[in-house]
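So you know, we letter chains A, B, ... as the sequences are listed, proteins then strands, and number each from 1. Values in this document were obtained by computation on a predicted structure and should not be read as measured data.
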Protein chains: 2
Amino acid sequence: MAKEVIEKIREFNRFYTSVIGVTNDHILQSNYSLTEVRVMYEAYYSPGITARQLTSILQVDEGYLSRLIAKLVKQKIVLKKQSKEDKRIYALELSEKGKQLFSDLNKRSSEAIATLIEHLTVGERQELVRLQDSIKALLIKK
Amino acid sequence: MAKEVIEKIREFNRFYTSVIGVTNDHILQSNYSLTEVRVMYEAYYSPGITARQLTSILQVDEGYLSRLIAKLVKQKIVLKKQSKEDKRIYALELSEKGKQLFSDLNKRSSEAIATLIEHLTVGERQELVRLQDSIKALLIKK
DNA sequence: AAAAATACTTGCCTAAAGCAAGCATTTTTT
DNA sequence: AAAAAATGCTTGCTTTAGGCAAGTATTTTT
């Protein structure tokens, strides 16, 4: 395999790590860890999701996740409803407060992205999205 | 600003976070933290770099960094030479052992990338690099 | 009805990282 | 030139993220 290709990809990864870092920083100034925000993200877009499913999506220890969820429940950000059919299982979803918080966090994150691309013209922004779509298509392709 | 553009960029960032995660996992199985590897990276490409400079590059606490460097020095991975002109300052560089280790880590990382793109044709790989270069150019452009 | 599996919880522990005070050394001010 | 301020690094203390493994309740399989 061509050495330079891999080297160039790694270089891009380093570069893009810092891009992502800049936007993550904005979230991290919010008293919520990245993992907590990811839990909110999943609970928002997949209401009814279970802790078990989250561990495999987030690749995080189930014990740690259990405590993390407990914390969010205590803060009334996440609602936890025991399933009638299987009492071991709890369906998770964001409360109204949680949705509000999540939307605030999204706003922050969007502002960080906005700053990142503020120097680009409308055409360049569309070009950026197009390039990103192409990369995703290449890397996802099975 | 067009809402969808920002939303699409954020989506790509989430996607690419997982791409980077896959390759970082390979490094993390090596007993060295990401921050330690980043220190090695800087010491390798900028021999003579100081702790002070590293804190601003890596955005990490100087106390933490001080201990981290001490650990790498103890393991004889990093060499620390006190400056003659200013005794407060220490020039850092990788030892031979450190260079060897760093090259091993690089190899692992490269293997992870190789797996990531193994299903791509040579042409597609070049296309991927081209797309990444274009993104970088757009985002770096002042 | 046991036994095994599943979903979650809890106790215990480690590693990563931050904060703030401290110690030399150098630079600036008076 | 002496005092004060700044700089570069270190060290003590603490917090947080996260893992591991044993435990509990419930459900499924044998």
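Remark: the backbone N or O of T121(A) is paired with a side-chain donor or acceptor of E124(A) at under 3.5 angstrom.
Contact annotation for K71(A): no contact, since no heavy-atom pair falls under 4.0 Å across all strands. Across all strands, E36(A) comes closer than 4.0 Å to no nucleic acid atom at all (heavy-atom distances). Residue contacts for S66(B): at a heavy-atom cut-off of 4.0 Å it reaches a base atom on one of the strands shown.
DNA chain D is contacted by both D61(A) and S83(A); D61(A) maps to the nucleotide lying nearer its 5′ end (nearest heavy atom per residue).
Summarising the geometry, atom CG belonging to N13(B) is positioned 8.0 Å from atom CG belonging to N24(A); distances are rounded to the nearest 0.5 Å.
Nucleotide dT25(C) holds its C1' atom 17 Å from the NZ atom of K84(B), rounded to whole Å. If you measure from atom CZ of R67(B) to atom C1' of dA17(C), you get 9 Å, rounded to the nearest angstrom. The separation between E85(A) atom CD and dA7(C) atom P is 14 Å, rounded to whole Å. Nucleotide dT9(C) holds its C1' atom 13 Å from the CD atom of Q82(A), rounded to whole Å. Rounded to whole Å, the distance from CD1 on I89(A) to P on dT24(D) is 21 Å. Rounded to an integer number of Å, the gap from CG of N31(B) to P of dA15(C) is 10 Å. One interatomic measurement links the two molecules: CG of D86(B) to P of dT28(C), which rounds to 12 Å at whole-angstrom precision. Between the CD atom of E62(B) and the P atom of dA20(C) there is a distance of 12 Å, rounded to whole Å.
Contact of the I69(A) side chain with the Y90(A) side chain is not registered, since no non-hydrogen atoms from C-beta on lie closer than 4.5 Å.
One finds a side-chain N or O of K80(B) lying less than 4.0 angstrom from the OP1 or OP2 phosphate oxygen of dT10(D). The phosphate of dT7(D) has neither OP1 nor OP2 within less than 4.0 Å of any side-chain N or O from R88(B).
Side chains of Y41(B) and E36(B): no donor on one and acceptor on the other come within 3.5 Å.
Note: F12(A) and Y16(B) meet the aromatic proximity criterion, with ring centroids under 6.0 Å apart.
Of the candidates dG8(D), dG18(C), dA17(C), the closest approach to any side-chain atom of T35(B) belongs to dA17(C). Looking at the side chain of Y64(B), the nearest of the listed nucleotides dT10(D), dA17(C), dG18(D) is dA17(C). Closest to the Y90(B) side chain, of the nucleotides dG19(D), dT26(D), dC9(D), is dC9(D).
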